[in-house]
Number of protein chains: 2
Amino acid sequence: MGVHVSELANIDRAAESLGDAAYREMKERIIRGVYRPGHKLTVRAVAQDLDVSTTPARDAINRLASEAALVYAGPKTVVVPVLDAKALQEITLIRLALEGLAAQQAAEHVVPEDVEALKILQKKINSALDAGLYADALWHNKEFHFAIYRLAQLPHLVTMIETLWLRIGPSLHNLYPEFAKERFGVHNHEVAMEALEDRDGASVRAAMENDIRDGYRRLKRACREKAILPVQ
Amino acid sequence: MGVHVSELANIDRAAESLGDAAYREMKERIIRGVYRPGHKLTVRAVAQDLDVSTTPARDAINRLASEAALVYAGPKTVVVPVLDAKALQEITLIRLALEGLAAQQAAEHVVPEDVEALKILQKKINSALDAGLYADALWHNKEFHFAIYRLAQLPHLVTMIETLWLRIGPSLHNLYPEFAKERFGVHNHEVAMEALEDRDGASVRAAMENDIRDGYRRLKRACREKAILPVQ
DNA sequence: TTTACAATTTTGTTGCAACAAAAATATCCG
DNA sequence: CGGATATTTTTGTTGCAACAAAATTGTAAA
């Protein structure tokens, strides 16, 4: 078995197995929109992409499929999921419950420094929108949300929310710039930060729930106007 | 042509692979308490138990670990999770959010035949308790809960709830018969069924939330009184 | 041209051996 | 005997070849 150059990037991850690294890399690519909805993934193609053998590639694909970040489209075909209205609605319902809970609990542990960090993240979102870098804006938006959710100090909950974002993430990239142009969530984010400063859990929850609902409406509208066609 | 996520339930997947079968079998054993909390699982031991090679055994272990149904207790050791107070509290919080949502939505789709089926399940719970078959009572209790949750017709949600039950399941078996003796949930279940007959979502949710909270209290108390020591 | 069917290629799965890291055991020296 | 060190065993990981099933391509007859 060969030693790979990827060790240059992360020295301290020597303990991580190739399968775990492949999983992380694939997850990142899915979230960042490298693989578009409908894209078919094969063990050997992924292995070649990541420069590993079939075993770690298969490990990564299976793990992502078991989290529903990838879905089975046939007996021997795994694809990046294509969101339809029904799935979008269900995932939004679950997101409201879980992210609402995380947002509310965040108020229990927040300290002023956390809000400062959030303000910096919000600035990054705004800058990315100004520059038209919509993929970056989406990324920073994700960072903003999870910075809040992590404050709740409920690791299981954060992990579960991540799997939900993984399921809708790919479809977001088919929708910008139309989606991002409307300055998603700026107001809701401001309200959430103010509520965090007041340690007002109910208001934090309300703000984040509004953000999720606003995103849902835009996404639903965009899905109607512009059919999301799978690639390949 | 891409496949939409909600269609996945309708697509019957081809013959089950050995890895999937191993996963199912291991999951069943964990839920039924064959492997107790703290039990260490090795690839080769599982392979021998299930009479398959190491590859499907490793697939099953990795998948269960990625769902947190098994946890890493060291660099090279996967064990059945031992519940501590903090984890129990967090999972209960998430259960309240998710199972509450499922219970409420169940009222939107319930038909009288569903309630009849629930009454039969409740009878099975009572019979098992009468006979002192506590493991059976736990099993039927699980069936009762999920029969309600499935009514919500939200497959993603049901899957997520299942992973939560998988995390606390093993520890339940360390607690009965003390745990089961108190006739868990009989009253709450009755209330839930009446609310379902009235299609009163808020009341179904309240009943199931009460059931979860009652279980949580008993579990917490039992954990305090009787330390759950890992086996081996 | 179209359709049915055979040949070929692609692809996921499975078992297994080699390897390295960790754990367990044995050994030796004070 | 005690503790440190060397040795052996256990164990997860990785790469790979063989296999069967599915998808694709090629081919020929109508």
Side-chain angles (χ1 to χ4, degrees), chain A residues 1-7 10-26 35 38-81 230-232, chain B residues 1-3 8 11-26 35 38-81 230-232:
Chain A
M1 64 190 90
V3 175
H4 294 280
V5 250
S6 63
E7 291 170 5
N10 33 19
I11 309 141
D12 61 314
R13 306 303 293 267
E16 192 185 46
S17 74
L18 277 182
D20 290 342
Y23 166 75
R24 263 197 316 109
E25 177 63 26
M26 290 298 297
Y35 298 122
H39 189 279
K40 181 179 170 182
L41 292 166
T42 68
V43 172
R44 286 166 177 86
V46 169
Q48 197 167 5
D49 276 7
L50 305 185
D51 196 39
V52 294
S53 85
T54 58
T55 307
R58 184 170 169 270
D59 283 352
I61 290 177
N62 280 341
R63 182 164 170 189
L64 288 164
S66 86
E67 293 173 0
L70 299 175
V71 298
Y72 291 97
K76 273 188 171 179
T77 37
V78 183
V79 300
V80 179
V231 182
Q232 151 75 295
Chain B
M1 174 59 193
V3 172
L8 279 174
I11 294 178
D12 37 0
R13 284 187 56 195
E16 192 183 43
S17 73
L18 276 181
D20 290 341
Y23 166 76
R24 259 196 319 104
E25 177 63 26
M26 290 297 297
Y35 298 122
H39 189 279
K40 180 179 170 182
L41 292 166
T42 68
V43 172
R44 285 165 177 89
V46 169
Q48 196 167 5
D49 276 9
L50 306 185
D51 198 37
V52 293
S53 85
T54 59
T55 307
R58 185 170 169 270
D59 284 352
I61 289 177
N62 280 341
R63 183 165 170 189
L64 288 164
S66 87
E67 292 174 0
L70 299 175
V71 298
Y72 290 97
K76 273 187 169 180
T77 35
V78 199
V79 299
V80 179
V231 182
Q232 149 63 312

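Quick note on labels: first sequence line is chain A, next is B, and so on, each numbered from 1.
Between A:Ser53 and D:dG15 there is a side-chain polar atom (N or O) within less than 4.0 angstrom of OP1 or OP2.
One cannot find a donor-acceptor pair under 3.5 Å joining the base of C:dG15 and the side-chain atoms of B:Thr54.
Listed by chain and residue number, nothing satisfies the side chain to side chain donor-acceptor pair (under 3.5 Å) test with B:Arg44 (two or more places apart in sequence, or in another chain). Qualifying side chain to side chain contact (heavy atoms under 4.5 Å, CB included) partners for A:Leu41, counting only residues two or more places apart in sequence or in other chains: A:Met26, A:Tyr35, A:His39, A:Val46, A:Leu70, A:Val80. For B:Gln48, the side chain to side chain donor-acceptor pair (under 3.5 Å) criterion is met by no residue, not counting sequence neighbours. With sequence neighbours left out, the side chain to side chain contact (heavy atoms under 4.5 Å, CB included) criterion links A:Ala45 to A:Thr42.
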With a cut-off of 3.5 Å and sequence neighbours excluded, list every side-chain donor-acceptor pair involving residues 54-61 of chain A.
from	atom 1	to	atom 2	distance (Å)
A:Arg58	NH1	B:Asp59	OD1	3.4
A:Arg58	NH1	B:Asp59	OD2	3.2
A:Arg58	NH2	B:Asp59	OD2	2.8
A:Asp59	OD1	B:Arg58	NH1	3.4
A:Asp59	OD2	B:Arg58	NH1	3.1
A:Asp59	OD2	B:Arg58	NH2	2.8

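Regarding A:Tyr72, its OH atom lies at a distance of 15 Å from the P atom of D:dA22, rounded to whole Å. The distance from atom CG of B:Leu18 to atom P of D:dA20 is 14 Å, rounded to the nearest whole Å. Atom C1' of nucleotide D:dT14 and atom CD of A:Glu16 are separated by 15 Å, given to the nearest angstrom. Rounded to whole angstrom, the span from the CG atom of A:Asp59 across to the C1' atom of C:dT13 amounts to 13 Å. Computed from coordinates, the B:Leu50 CG to C:dT14 P distance equals 13 Å when rounded to whole Å. Between the CG atom of B:Asn62 and the C1' atom of D:dT13 there is a distance of 10 Å, given to the nearest Å.
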| B:Tyr72 vs B:Thr77, side-chain contact (heavy atoms from CB on, under 4.5 Å): CA-CA, chis, key distance, verdict | CA-CA 6 Å; B:Tyr72 290 97; B:Thr77 35; over 6 Å; no
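Projected onto DNA chain D by closest heavy-atom contact, A:Pro56 and A:Thr77 fall at different nucleotides, the more 5' of which corresponds to A:Pro56.
Side chain of B:Val52, nearest nucleotide from C:dT14, D:dG15, C:dG15: C:dG15. Residue A:Pro75 places its side chain closer to D:dA23 than to any other of D:dT14, C:dA22, D:dA23. With distances taken from any side-chain atom of A:Ser17 to the nucleotides C:dG15, D:dA23, D:dT14, the minimum falls on D:dT14.
Nucleic acid contact for B:Gly74: none, since no nucleic acid atom lies under 4.0 Å from a heavy atom of the residue.
Looking only at side-chain heavy atoms (C-beta outward), A:Lys76 and A:Val43 stay at 4.5 Å or farther from each other.
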Give me, pair by pair, the N or O atoms of the protein and of nucleotides 7-11 of chain D that are less than 3.5 Å apart, along with how far apart they are.
from	atom 1	to	atom 2	distance (Å)
D:dT11	O2	B:Lys76	NZ	3.1

